[in-house]
Number of protein chains: 2
Amino acid sequence: MSRKANTLSDDDAASALDSSLHNLVGYVLRRAQMKFFSNLAARLEAYDIRPAQFTALTIIEQSPGLMQAELARALAIEPPQAVLLVNKLEERGLAMRVRSNPDKRSYGLFLSKAGEQLLKQLKTVVQQSDLDSSSALSAEEREQLLALLGKLYRDE
Amino acid sequence: MSRKANTLSDDDAASALDSSLHNLVGYVLRRAQMKFFSNLAARLEAYDIRPAQFTALTIIEQSPGLMQAELARALAIEPPQAVLLVNKLEERGLAMRVRSNPDKRSYGLFLSKAGEQLLKQLKTVVQQSDLDSSSALSAEEREQLLALLGKLYRDE
DNA sequence: TATTGTTATACTCTATAACTATA
DNA sequence: TATAGTTATAGAGTATAACAATA
């Protein structure tokens, strides 16, 4: 099979693949992602936490003091969404905006003690959900999958 | 590495992995899926077609005469969403509801000639988008990925 | 009584433009 | 003038309850 530039002639398109949705990476990605997402969302519901909020907590933990704009970029969301997200975390006492930078327009974001403690719990829940949703795979297959998916979206 | 039942002790959770998001299949799935989806949506915009509409057209082509309830199940959407989706396809003259079944509550769904022709075009666009978004993978890696993802969501 | 399709509604997520305060 | 954060708003997408027609 040639893959010079992964280009597709009109001829190929007509015949190629079995024209089934299951040969589109985008389609199977979406189906798989929906499964993971709904399982995770259901488990996090007990903590009144959305998947995106968990991700935000994790990023803040990894980069304490980061700005909202940086958080937005890391989450691949727009700044206005980041505002609402951080509002919720702050209301719940899980994270804080600290006006400490030389640039007085921006905040540094930090986890509160309560945020750190909750996050520790959530990590167990999230990892269990992840293993659960991928229980059809062996440990080696799971690693393979992580590696392949990583290639797909790294250095965009 | 043991994987008896893919279960996680509290001890594991604390130490395991580098606790990074990139070791969660759900997270990397979501990031990859977003990339595929936005690329696809952008390309289909020229045809005023959403990804879900393309999927619907493909399913109707593969199972002409199917009921809306069946389409909804195949798309993993709720019946009210299927109504709106089919309305749009019918308004645009791409598909038709035909009251032909013995059960007079339901319709059979069919592509129009125009729908078939547009779908043929769209398939080229969609496959090109899919190859494009997965250009970081070799052909063999792409096949591997399709197989692994298939395992994840088949027979739920 | 149950089911197909439908309407109405509401809630989340997302995207954009416009504003404020700092720079 | 440019940037960080914010507000307001509108558009998708999605979920649920309730209804009509048919079974």
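Letters A, B, ... mirror the listed sequences (proteins, then strands); counts begin at 1.
- Comparing A:K104 and A:R50, the nucleotide of DNA chain C nearest to each residue sits closer to the 5' end for A:R50.
- A:R73 comes within 4.0 angstrom of nothing in the nucleic acid, heavy atoms only.
- The side chain of B:Q81 contributes no N or O atom lying less than 4.0 Å from OP1 or OP2 of D:dG13.
- Proximity note for A:S106 (side chain, C-beta onward) versus C:dA17, C:dT4, D:dG5: the nearest is D:dG5.
- Between the two ends of the helix from C:dG5-D:dC19 to C:dA23-D:dT1, each summarised by a five-pair axis, the helix axis turns through 0° (rounded to 10 degrees).
- Using a 4.0 Å heavy-atom distance criterion, B:P51 is classed as making no nucleic acid contact.
- Checking D:dA23, C:dT16, C:dA23 against every side-chain atom of A:P80, the shortest atom distance belongs to C:dT16.
- A salt bridge links A:R142 to A:D130: at least one charged side-chain nitrogen sits closer than 4.0 Å to a carboxylate oxygen.
- Rounded to a whole Å, the CG atom of A:N87 is 6 Å from the P atom of D:dT6.
- Spacing between atom CD1 of B:I77 and atom C1' of D:dA12 amounts to 14 Å, rounded to whole angstrom units.
- The side chain of B:R97 contributes an N or O atom lying less than 4.0 Å from OP1 or OP2 of C:dT6.
- Shown here for B:L152 and A:S134, the closest heavy-atom pair between the two residues is CD2-CA, 3.8 Å.
- In this structure, CD of B:E45 is placed 10 Å from P of D:dA12, rounded to the nearest angstrom.
- Residues B:L21 and A:L44 are members of one and the same hydrophobic cluster, defined by side-chain heavy-atom contacts under 4.5 angstrom among Ile, Leu, Val, Met, Phe, Trp and Tyr.
- Rounded to an integer number of Å, the gap from CG of B:L84 to P of D:dT14 is 11 Å.
- Rounded to an integer number of Å, the gap from CD of B:E78 to P of C:dT7 is 17 Å.
- Salt-bridge check for B:K151 with A:E141: passed, with a basic side-chain N closer than 4.0 Å to an acidic carboxylate O.
- Here the rule is side chain to side chain contact (heavy atoms under 4.5 Å, CB included) with B:L94, and of B:L111, B:V86, B:I49, B:I60 only B:I49 fits it.
- Computed from coordinates, the A:N101 CG to D:dG5 P distance equals 9 Å when rounded to whole Å.
- Here A:E91 pairs with A:K88 in a salt bridge; the nearest charged N to carboxylate O distance falls below 4.0 Å.
- Checking C:dT3, D:dT14, D:dA2 against the side-chain heavy atoms of B:R105 singles out C:dT3 as nearest.
- A straight line from CE of B:M34 to P of C:dT14 spans 7 Å, rounded to a whole angstrom.
- Taking 4.0 angstrom as the limit, B:Y107 places none of its side-chain polar atoms (N or O) nearer than this to OP1 or OP2 of D:dA21.
- Under a 4.0 Å N-O distance rule, the pair B:K123/B:E61 qualifies as a salt bridge.
- In this structure, B:E70 places its CD atom 13 Å from C1' of C:dG5, rounding to the nearest Å.
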